[in-house]
2 protein chains.
Amino acid sequence: MTKTATRLRVVEVDNLKTACSTCSLQELCLPAGLNEAELKAVDELVNRRRPVKRSDYLFRAGTALHSLYAIRSGFLKSSVLHDDGREQVAGFHMMGDLMGMDAIGTSQHLCDAVALEDSEVCEIPLKDLEALSRDIPSLQQHFHRIMSREIARDYGVMLLLGSMRAEERLAAFLLNLSQRFAARGYSSLEFNLRMTREEIGSYLGLKLETVSRTLSGFQAQGLIAVQNKHLRILKIDALQELVSPHGCRG
Amino acid sequence: MTKTATRLRVVEVDNLKTACSTCSLQELCLPAGLNEAELKAVDELVNRRRPVKRSDYLFRAGTALHSLYAIRSGFLKSSVLHDDGREQVAGFHMMGDLMGMDAIGTSQHLCDAVALEDSEVCEIPLKDLEALSRDIPSLQQHFHRIMSREIARDYGVMLLLGSMRAEERLAAFLLNLSQRFAARGYSSLEFNLRMTREEIGSYLGLKLETVSRTLSGFQAQGLIAVQNKHLRILKIDALQELVSPHGCRG
DNA sequence: CCCGCGTTTTGACCCAGATCAAGCAGCCGT
DNA sequence: ACGGCTGCTTGATCTGGGTCAAAACGCGGG
């Protein structure tokens, strides 16, 4: 195979921390059932780590695609800029998520990716990923599943933006965050919002005042407790109810 | 491998029409630069054609994913159903488009696909596509590009739904249709809307009355001429202007 | 050819969420 | 500790697009 170049790289002590085989994100970002040699190949694929400081760009719209990025820690947003300056937040991304997939089609990033807190990502050269996934079918499938899940997520966002009211949007948003934190071993009922009200609003197609008011409303109804960025979900089933009233769908 | 089964299939005269190597969609759905043997393999991959009559489902949400579908002719919509019955149209699809990619992640379709006019699709078993794309790197890349383009398209829809006003949405929609018809060799300035006002509205996050009124407005301003489903674009640059005012973005 | 139904248009009115405005709280660097 | 700045909350008002209603259109089927 073509990747003998990377074989030259000496395995340093520091790299042990980097290795996918020892990374805590394994089950999120690696396919299961790889053998020794395959694991090693994947480790070599993802061997460049890169810190991204708060409010720094991971990549910018219009720049050439070099790599995809797997988030190791931290929190980022991706956003599309309209010609006249309006910003639309397209997603919030946390550990285990893969970013940059929108750029494969044109080899050029379509959105900006900005860190909302100090973060660390693993750089994955697209060419190498494609080459390796030819040799490891389960890696190939995994990659396809990840892209597909991004498409599915986008459909969900369209549903939200296209046909939900403000309360429903915000409830859906909070529940989504909750689930994702839970999937990563954090509390699903108590967490910090890493983004501003304005960013939430942009993501949900609402103005920041509406986000603020709606959150206050939820608090008044005893559904949540918010103080600044800190959020506690008090009645998760009531939020669920807001999103899909009384379990319809026969 | 399991694909020897398809080898049994006799090449009938009729199949000549089916072959990708002779299909008019080639440049839309095949990577360039395949050799003889590769072309043959791709032909075998896509050898089941399937007609879908107007208002029939190509697939339904919740059903298992078997294949992806390349549209050969006709016009379809995909839509996500909210629990309470609200429908969100996620996209309109025409010849050369690939459908079903949202389902790879879960092996289960997330949206309904309905034909808006009598259509014909090529069935592409996902497992076979994945197997073949391991052998033909340019096919693999092509597939990745197609999935990525779907993600990029979705980001565009989010921008539209999240931060545009009714007029901008409709203008963007018409321009998008125009471009896509042009890319397929049809007139970019005169075409038929295959979908109802309600479906346009669902896609754009508007009510059908608003769609109707906005179209009438465009007509009154001399930007377009609509009569029922038939549409003629009279001032394409004025529509462009509506979407991105006076070419900003230094 | 005519009937009936689904689609489209148009009008009148209403409301959820945008906009405008003011004041407040947390947090940074000095 | 403090000053300045950014983000948040809350109130008052406005409006784009939703809702309700009704009439006209066009098309497929008998």
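Chain letters run A, B, ... following the sequence lines, proteins first and then strands; every chain starts at 1. Note that these values count all heavy atoms, side chains included, but never hydrogens, waters or copies made by symmetry.
A straight line from CD of Q219(A) to C1' of dT10(D) spans 14 Å, rounded to a whole angstrom. Counting to the nearest Å, the C1' atom of dC27(D) and the NE2 atom of H230(B) are 17 Å from each other. Between the CZ atom of R54(B) and the C1' atom of dG28(D) there is a distance of 11 Å, rounded to whole Å. Between the C1' atom of dG18(D) and the CZ atom of R197(B) lies a distance of 18 Å, rounded to the nearest Å. For Q227(A) and dC8(D), the CD to P distance is 13 Å, given to the nearest whole Å. Whole-Å rounding puts the E198(B) CD to dG18(D) P distance at 12 Å.
A donor-acceptor contact closer than 3.5 angstrom links the side chains of S79(A) and E87(A). Side-chain contact annotation: S244(A) with H82(B), donor-acceptor N/O pair under 3.5 Å absent. Looking only at atom types and distance, the side chain of E190(B) has a donor-acceptor partner in the side chain of H230(B) under 3.5 Å away.
Taking the charged nitrogens against the carboxylate oxygens, R50(B) and E120(B) have no contact shorter than 4.0 Å, which rules out a salt bridge.
Toward the 5' end of DNA chain C, the nearer of the two residues R165(A) and N228(B), judged by each one's closest nucleotide, is N228(B).
Relative to the six-membered ring of F181(B), R184(B) misses at least one condition, a distance below 6.0 Å or an angle of at most 45° to the axis.
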Worksheet item: Are D97(A) and R180(A) close enough, and set up right, to give a salt bridge (charged side-chain N to carboxylate O under 4.0 Å, His left out), and what steps lead you there?
Response: CA-CA 10 Å; D97(A) 289 344; R180(A) 291 165 73 197; 3.0 Å; yes
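Protein chain B touches strand DNA chain C; the 5'-most and 3'-most nucleotides with an atom under 4.0 angstrom of its non-hydrogen atoms are dT8(C) to dA12(C).
For NZ of K235(B), the number of neighbouring non-hydrogen atoms (other residues, nucleotides, ligands) closer than 6.0 Å is 12 at most.
Residues of residues 204-214 of chain A that place a heavy atom closer than 4.0 Å to DNA chain D, in numerical order, are L208(A), E209(A), S212(A), R213(A).
Classification of the F59(A)-H109(A) ring pair by plane angle, with boundaries at 30° and 60°, yields parallel.
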